[in-house]
Number of protein chains: 2
Amino acid sequence: MKKVTCDLASCLFCTSCPDAWRDILPAARTMRTFRKGEEIFAEGTPVSGAYFVFEGLVKIHMAWGAQKQLILNFAGKGEMIGFRGLAPDPVFPISATALDETVICFVERAFFQSMLEVNHRLTQRLLDLYARTLQESEKRMRTLALMDVRGRVSDMLLMLERKFGADSEGFICIIPSRQDLAAYAGTTYETVFRTLSEWEEEKILAFQGKRIAILDRTRLEDYTR
Amino acid sequence: MKKVTCDLASCLFCTSCPDAWRDILPAARTMRTFRKGEEIFAEGTPVSGAYFVFEGLVKIHMAWGAQKQLILNFAGKGEMIGFRGLAPDPVFPISATALDETVICFVERAFFQSMLEVNHRLTQRLLDLYARTLQESEKRMRTLALMDVRGRVSDMLLMLERKFGADSEGFICIIPSRQDLAAYAGTTYETVFRTLSEWEEEKILAFQGKRIAILDRTRLEDYTR
DNA sequence: CGTTTCTTTGAATACGGTCAACTCAGGTGG
DNA sequence: CCACCTGAGTTGACCGTATTCAAAGAAACG
């Protein structure tokens with residue numbers, strides 16, 4: 001991992017990140033660019049530290065068996081990943097993979113831990129982050145367990161729009177591959193495809209290449225109820 | 001809620017609980033007994049504080065629509081519940097319901113928060129608790145999203161045994177109602193029933209009234225792979 | 001230009017949810 | 001004591017949804 005000094009003044013990430021992260025970012029002297037599809041860290045390996053997405057898009061995922069995987073979340077610019085590994089057991093329960101050309105800031109585990117012991121504001125921040133992530137995780141558990149495919153896909157599209165925003169024409173700014181969409185919704189490639197084209201016919205969605213726009217939010221939300 | 005002084009010396013809970021909780025328990029002067037089926041707190045209501053299970057069994061659950069519910073977890077003696085409500089948004093994302101005669105210790109939200117600001121050990125503890133809970137939650141997300149019914153039911157039985165233990169004959173110490181088992185495994189009453197009786201025929205499980213013993217752990221674990 | 005990878009569609013299949021009925025135990029009231 | 005009711009446990013049959021398999025078409029890539 002290439003070492004560079006993270007200059008706070010010109011640090012795009014730092015201007016968009018929560019205040020408390022700034023306390024530790026001067027220590028993030030290691031950063032690296034990951035190519036599309038490259039793995040940032042892998043489930044089952046020892047936790048090296050915390051990672052911040054400086055630029056790009058990352059998927060957080062778990063494997064099951066040889067073929068199946070579930071994407072837990074997508075993380076974009078300004079988000080901290082790898083904090084799940086800060087639990088007592090220092091083994092990553094999840095993997096992170098770059099979906100685009102992605103720049104990652106890295107903070108050593110030991111440094112982060114010692115920082116937590118002296119910087120109370122940081123600890124509080126992390127506590128909030130955990131609490132929020134846990135709430136989202138449990139809400140999603142309900143979605144995956146109880147809703148049918150339409151509900152899950154609908155939920156995913158609304159999440160993507162909420163999280164990454166849409167351009168002036170309503171197209172969601174970031175659309176992962178269909179394969180990844182399926183892995184997020186807990187279904188198969190073909191089923192996602194069928195669901196999306198059905199909604200295109202019903203004028204609920206519009207397409208432009210791979211990009212998706214939500215035309216009728218109300219009918220989409222109906223599937224999640 | 002009836003006020004009683006929580007005498008630490010005679011507090012069963014305190015002898016079995018993590019050290020750090022002791023710091024706040026002297027403040028838990030309110031405790032109450034809940035009858036079987038009684039709701040401790042409800043999803044969507046303002047967060048009043050943190051709750052500790054002193055004695056009994058509690059389910060943590062979320063509703064979806066009118067009929068469907070998912071049980072996120074079961075909590076027994078010594079466990080803290082309601083900590084999910086300590087997030088920035090002070091509204092419970094989940095409900096808690098007593099499954100047995102249950103005694104609950106209660107700590108005010110404001111007190112708990114101010115305690116977090118001065119007691120670093122407590123904060124660290126809570127951080128660990130969150131990290132662990134999040135890991136479990138995400139593992140369960142994968143289970144619910146990717147495994148078939150057998151995998152989910154199997155996973156549930158193994159969890160119950162791990163969490164609540166088994167008696168000398170191998171019968172799991174706590175078995176919730178079949179209805180609740182179904183709500184935990186994300187399936188229906190009938191399907192849980194069929195799965196369990198199938199496994200009884202195959203000598204993987206044994207029954208004694210409502211109680212269940214795992215006879216062949218290996219074959220059960222095979223369903224989760 | 002051939003090869004690979006992704007997209008699109010059709011058809012077969014299986015899993016699991018829904019509905020209905022039947023049993024059985026326990027409680028209630030005549 | 002019996003008739004009735006209720007609710008949980010048990011089982012069978014049916015059917016819809018979503019997965020799986022297969023194959024053809026389109027696009028990307030060396």
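First the proteins, then the strands, lettered A, B, ... as listed; each starts at 1.
Using a distance-only test at 3.5 Å, with no hydrogens or angles considered, a donor-acceptor pair links the side chain of B:T102 to the main chain of B:L57.
A search for side chain to side chain contact (heavy atoms under 4.5 Å, CB included) contacts involving A:T33 returns A:E101, A:V103, not counting sequence neighbours. Judged as a side-chain hydrogen bond (donor to acceptor under 3.5 Å, both in side chains), and not counting sequence neighbours, the contacts of A:R217 are A:E161. Remark: A:D128 pairs with A:Q124, A:R132, B:P88 by the side chain to side chain contact (heavy atoms under 4.5 Å, CB included) rule, at least two apart or across chains. Remark: A:D222 pairs with A:R225 by the side-chain hydrogen bond (donor to acceptor under 3.5 Å, both in side chains) rule, at least two apart or across chains. Applying the ring-ring contact (aromatic ring centres under 6.0 Å, His included) test to A:F171 and every residue at least two apart in sequence or in another chain returns nothing. Looking at residues two or more places apart in sequence or on another chain, you find a side-chain hydrogen bond (donor to acceptor under 3.5 Å, both in side chains) between A:T191 and A:T188. Evaluation of the side-chain hydrogen bond (donor to acceptor under 3.5 Å, both in side chains) rule for B:E136 yields no partner, not counting sequence neighbours.
Applying the ring pair (Phe, Tyr, Trp, His ring centres under 6.0 Å) rule to pairs touching residues 198-225 of chain B yields B:W199-B:Y223, sequence neighbours excluded.
Both tests pass for A:R140 against the ring of A:Y184: distance under 6.0 Å to the centre and angle within 45° of the axis.
Between the CG atom of B:L181 and the P atom of D:dG9 there is a distance of 10 Å, rounded to whole Å. One atom, CG of B:L146, and another, P of D:dT20, lie 11 Å apart when rounded to the nearest Å. Taking atom OH on B:Y223 and atom C1' on C:dG16, their separation rounds to 15 Å, with Å as the unit. The CD-P distance, from A:Q67 to D:dT20, rounds to 10 Å in whole Å. Counting to the nearest Å, the C1' atom of D:dA26 and the CZ atom of A:R178 are 15 Å from each other. Remark: P of C:dT5 and CG of A:D180 are 17 Å apart, rounded to the nearest angstrom.
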Is there any protein nitrogen or oxygen under 3.5 Å from a nitrogen or oxygen in nucleotides 28-30 of chain D, and what are the pairs?
none

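For D:dG9, one of the phosphate oxygens OP1 or OP2 lies less than 4.0 angstrom from a side-chain nitrogen or oxygen of B:K210.
Two end axes, each from the C1' atoms of five base pairs, can be drawn for the helix from C:dC1-D:dG30 to C:dG30-D:dC1; they diverge by 30°, to 10 degrees.
Here A:T187 lies in heavy-atom contact (under 4.0 Å) with sugar-phosphate atoms only.
Using a 4.0 Å cutoff on non-hydrogen atoms, the parts of residues 188-201 of chain B near DNA chain C are B:T188, B:E190, B:T191, B:R194, ordered by number.
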Just distance, no hydrogens or angles: give the donor-acceptor pairs under 3.5 Å from side chains in residues 39-48 of chain B, sequence neighbours left out.
from	atom 1	to	atom 2	distance (Å)
B:E43	OE1	B:A63	N	3.0
B:T45	OG1	B:A42	O	2.6
B:S48	OG	B:Y51	OH	2.7

